[in-house]
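Residue numbering restarts at 1 for every chain, and letters A, B, ... go by the order of the sequence lines.
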Amino acid sequence: MRASLVVAVLALAGLLGPPGRAADGRRSDAEAMSPALRAMQQDDAANPGMLSVLDGEALWSAKAGGAGRSCADCHGDATVSMKGVAARHPAWDAGRGSAVDLAGRIALCRTERQDAAPLPPESPDRLALTTYVAHQSRGMPIAPPDDSGLRETRARGRTLFTTRIGQLNLSCATCHDDLAGRRLGGTPIPQGHPVGYPLYRLEWQATGSLQRRLRNCMTGVRAEPYPFDAPELVALEAYLMERAAGLAMETPAVRP
Amino acid sequence: MRTASLAVGLAAALLGPLAIPSRAAPPPRIEGQALPGSPTGRPGDPARGRAIVVDRTRGLCLLCHSGPFPDQPFQGDLSPSLAGAGSRHSPGELRLRIVDGRVLNPDTIMPSYGRRDGLVRVGEAWRNRPILAPDEIEDVVAFLATLRD
């Protein structure tokens, strides 16, 4: 009772930042977590994902590759130039004619602008840079760009989201649209809004990407997961970000 | 032996439904809302069935259903309780719900435990085999039939 009063006062004072919850019932899955886990996420000294942020900050200004350039040499101060960037990804790459997610964009910059060795999916450096850049959007509302190419990508993502797959014959939507909040083997099913990626998952004992989480779910329904960086995974990411539009970014989130 | 079974397999593959080996059981026939008769020709074993039902990597049942299993923490609430399933349904009705519940409700979230077709992008480890083998399904049917109000 007293706790909810405190929350209400903080909310009125605007101290809680942009919404983890939308008027239509969409909400960050942080809201269903235990108080201990929420506290871990909110305290930068206790949030294990902050280690990736710190690693990423160091990498940001480290010169790399044949070009001998750092991210900072072109993009300057990430706390200024990267603000809001993660909230607008996946974005449309007109040159490629495809959608690119934030980790993919960083990996492309690495090979094309820095002339450096590729950063493989889920490698510590790629995760660290992605987490650092996404952290600059913490507290900002997810704001997917309007773009005809992206609209098609999202439509493909929505089809993938609603298609039943795997030996267990379930779609993402079966659980995360229709049954969110109910219990699967005792565990509440989350709405699945990707507000905090890359995030630290206790189950992984590591920071990981949204693509890793999507592949976990595919394996869970006994489907063949798409390979990392596959256009299908980027399309799902694009649809999910639109589905979460307006919710506040939390990177690095902590999840069970 | 191997050659013989290969030949039979080939013939079955080539001739499809026309090639009915003379000693095979007749294909299961749905009657009303039931699939009567054990396809294995043997009654299932309720104790083995219980073990399958509570096993979260074999039967998977308690991920969605709850039931009279006080020893099992973390039961799902997505689907009706299994308590009293044997009173509500005949063994044939239970069998059809497990083998292919889509026959009764195309939108059901319950997987068809006896089917290996009509699925999309099944993982390699699971491809071309049903979730449970026919004798395992019979064990589960036998166990569920014991759950009476």
Proximity breakdown for B:Arg127 and chain A, heavy-atom pairs closer than 4.5 Å:
side chain
Heavy-atom pairs under 4.5 Å with chain A: which of B:Pro130, B:Gly76, B:Ser79 has the most?
B:Gly76
Heavy-atom neighbours of A:Arg27 CZ exceed 12 at 6.0 Å:
yes
Between A:Asp178 and B:Ile109, is a side chain to side chain contact (heavy atoms under 4.5 Å, CB included) present by the stated rule, with each step listed?
CA-CA 10 Å; A:Asp178 302 342; B:Ile109 63 167; over 6 Å; no
Nearest-0.5 Å distance that lies between atom CG in B:Asp77 and atom CG in A:Leu184:
9.5 Å
Heavy atoms, side chains only, cut-off 4.5 Å: are A:Asn169 and B:Arg102 in contact?
yes
Measure the spacing between CZ of A:Arg164 and CG of B:Asp107 and express it to the nearest 0.5 Å.
7.0 Å
Applying a strict 4.5 Å limit to non-hydrogen atoms, the region of B:Gln75 in contact with chain A is backbone
Partner of B:Val122 under side chain to side chain contact (heavy atoms under 4.5 Å, CB included), chosen from A:Arg222, A:Glu224, A:Gln167:
A:Gln167
Just how far is it from atom SG of B:Cys64 to atom CZ of A:Arg183, taken to the nearest 0.5 Å?
14.0 Å
Can you tell if the side chain of B:Leu60 reaches within under 4.5 Å of the side chain of A:Leu168, non-hydrogen atoms only?
yes
Quick one: which of B:Phe74, B:Trp126, B:Tyr113 has the most heavy-atom pairs under 4.5 Å with chain A, could you say?
B:Trp126
Go through the atoms of B:Leu62 and report whether side chain, backbone, both or neither lie under 4.5 Å from a heavy atom of chain A.
backbone
